[in-house]
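Notes follow the structure.
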Amino acid sequence: MHHFAYTGSNLHCESVDLAAVAQLYGTPTYVYSAATIADNYNRLMQGLHGLDVRVCYAMKANSNIAVLRHFANLGAGFDLVSGGELRRVLAAGADVTGSVFAGVGKSEAEIRLALESRIHAFHVESEPELVRINHVAGKLGVKAPIAFRINPDVDAHTHAKVTTGKAGNKFGIPLAKAEAAYAAAAKCPNIAIRGVQMHIGSQLTSITPFGEAVEKLVPLAAELKQRHNIEYFSIGGGIGIIYKDALASGSREWWTSQPEATRPITPEAYGAALTPLLKPLGLKILLEPGRFLVGNAGVLLSQVEYLKRGQGKNFLILDAAMNDLVRPAMYDSFHQIVPLRRDTTRPAITADIVGPVCESGDCFAKDRDIQQLSEGEHVAFMSAGAYGCTMASRYNSRCMPAEVLVHGATFDLIKARETFDDQIASENIPAFLK
Ligand code: LLP
């Protein structure tokens, strides 16, 4: 559920008319709903109320510092994957001591920064990484808290590029080698064993793989509690969201109308399936959701540049491009695209919806039915709050998009559109070329 809906013919986010945002700040602009983020967080916590849970928001999904501050105010910690992300949490005025540091390639500088910032734990992905963390902690004269990421070899049945829990993926330590890894950690003088972690992939649409993976790791977690006195089991992120019926899925009625067998994952069903497996462990449970918390809480606003009538084909050319929202080009993902002003008296057209970037991959949707739109009118890409702005680039020397946060009837600019001067500020022409 979310807070994007038409009031009359105008698409609103909470009580804000999105056309007013486009008018004031131009396009392409990402717009997020603070209420939707809070609802998603609270519903997830409620769904797992039987467990001692902490949510470490996977901030790679959306790392604007205003969004981070909102999560910190809600009580969340953070799942970080770089020194940059750690610095963002600090810049947001949030506490990092409840946060975990994931990723397969942590540098020495990042490990040092994380130790100095007293993060909750490193999620360690290999033995060489363990050795490095032990070494850096020794130099600083501290003990580094760690959990190993264990790869349960479970198929998440999601896009190949976001599957992480299969034996062939670069992530984690194979289950068969877990005990040896923990034994090695126990011998490291500067390591404190704190937990065990898994993350099997992103945009999962079924609870079954989560259950399978948790079931595979529960005996290990119980053993580690006995042997190494671990405190927590992190079950990662990965809960999928609605992309196809994104707008309709804002309402409770849509959810109840979905047939039981194919109903998408809800926090309630997720909690009901996993709580009985996890509760007997008596461990703290960490979750690292990204997409579930922010995905349906954001849209990307864009303006129509041209309606080009090609040979047997229409192209709706927008001012947003693959550099602003790369998911369709990168994962063939579907984003619903809706007009900001709905006009049911107009004919629908079938068009490829594309951006201005000079490659055919810059295509958001093929043969999509959409209300006929003309130059200067606006559309919204639904479910663009996760992995939207954080994956944006400057390809084709386009400036990074603006970001806006809605709160009730008010909205604030949380990231100004990049200017051309910003874009080239760190570039330099060496003397020999002058
Ligand atoms: N924990 C770890 C260790 C992760 O690697 C990830 C995501 C998460 C948690 C959060 O997963 P989520 O709850 O958001 O599914 N750019 C892709 C998604 C990449 C996910 C990477 N890891 C996309 O746009 O679909």
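If you read the sequence from its start, that first residue is 1, and numbering goes on from there. When a ligand or atom number is given, it counts from 1 through the structure's own listing order.
What sits closest to atom 8 (C) of ligand 1 on the protein, heavy atoms only, is H199 CE1, 3.4 Å. If you check which protein heavy atom lies closest to atom 15 (O) of ligand 1, you get S202 OG, 2.4 Å. Shortest contact from atom 21 (C) of ligand 1 to any protein heavy atom: K60 CD, 3.8 Å. Considering only non-hydrogen protein atoms, atom 20 (C) of ligand 1 sits nearest to Y387 OH, 3.6 Å. Protein heavy atom in closest approach to atom 17 (C) of ligand 1: Y331 OH, 3.1 Å. Looking only at heavy atoms of the protein, atom 9 (C) of ligand 1 is closest to E288 O, 3.1 Å. Closest protein heavy atom to atom 19 (C) of ligand 1: V162 CG1, 3.7 Å.
In terms of modelled atom types and a separation under 3.5 Å, the side chain of H12 and the main chain of L18 share no donor-acceptor contact. Listed for the E110 side chain is a donor-acceptor partner under 3.5 Å among the backbone atoms of G83. With S383 contributing its side chain and I242 its backbone, the two residues share a donor-acceptor pair below 3.5 Å. Between the side chain of Y41 and the main chain of V55, no donor-acceptor pair closer than 3.5 Å is present. Not a single donor-acceptor pair under 3.5 Å links the side chain of N323 to the backbone N or O of R394.
Note: F381 and F364 meet the aromatic proximity criterion, with ring centroids under 6.0 Å apart. Aromatic rings from Y243 and F334 are positioned such that their centres are separated by 6.0 Å or more.
Look at M391 and you'll find a heavy atom under 4.0 Å from some atom of ligand 1. Ligand 1 lies nowhere less than 4.0 angstrom from a heavy atom belonging to H123. In this structure, F292 falls outside the shell of residues with a heavy atom less than 4.0 angstrom from ligand 1. Under the 4.0 angstrom criterion for non-hydrogen atoms, G238 is in contact with ligand 1. By the 4.0 Å heavy-atom criterion, A61 is excluded from the residues contacting ligand 1.
A salt bridge between K139 and E108 is present, with a side-chain N of the basic residue lying under 4.0 Å from a carboxylate O of the acidic one. A salt bridge links E129 with K106; the closest basic N to acidic carboxylate O contact falls under 4.0 Å. Classification of R327 and D332 as a salt-bridged pair fails, no side-chain N sitting under 4.0 Å from a carboxylate O.
Close N/O approach between G290 and ligand 1 is found [any backbone or side-chain N/O within under 3.5 Å].
When non-hydrogen atoms are compared, ligand 1 lies under 4.0 Å from the side chain of D79 (C-beta onward) but not from its backbone.
In R368, the CZ atom is crowded: over 12 heavy atoms of neighbouring residues, nucleotides or ligands sit closer than 6.0 Å.
Near P289, the atoms of ligand 1 lying under 4.0 angstrom from a non-hydrogen atom of the residue are 13 (O). Residue-ligand proximity, G237 to ligand 1, at heavy-atom distances under 4.0 Å covers atoms 9 (C), 13 (O). Applying the 4.0 Å criterion to heavy atoms of A58 picks out, from ligand 1, the atoms 8 (C), 9 (C), 10 (C).
Of the options R149, R291, R327, the smallest heavy-atom separation from atom 24 (O) of ligand 1 is shown by R327.
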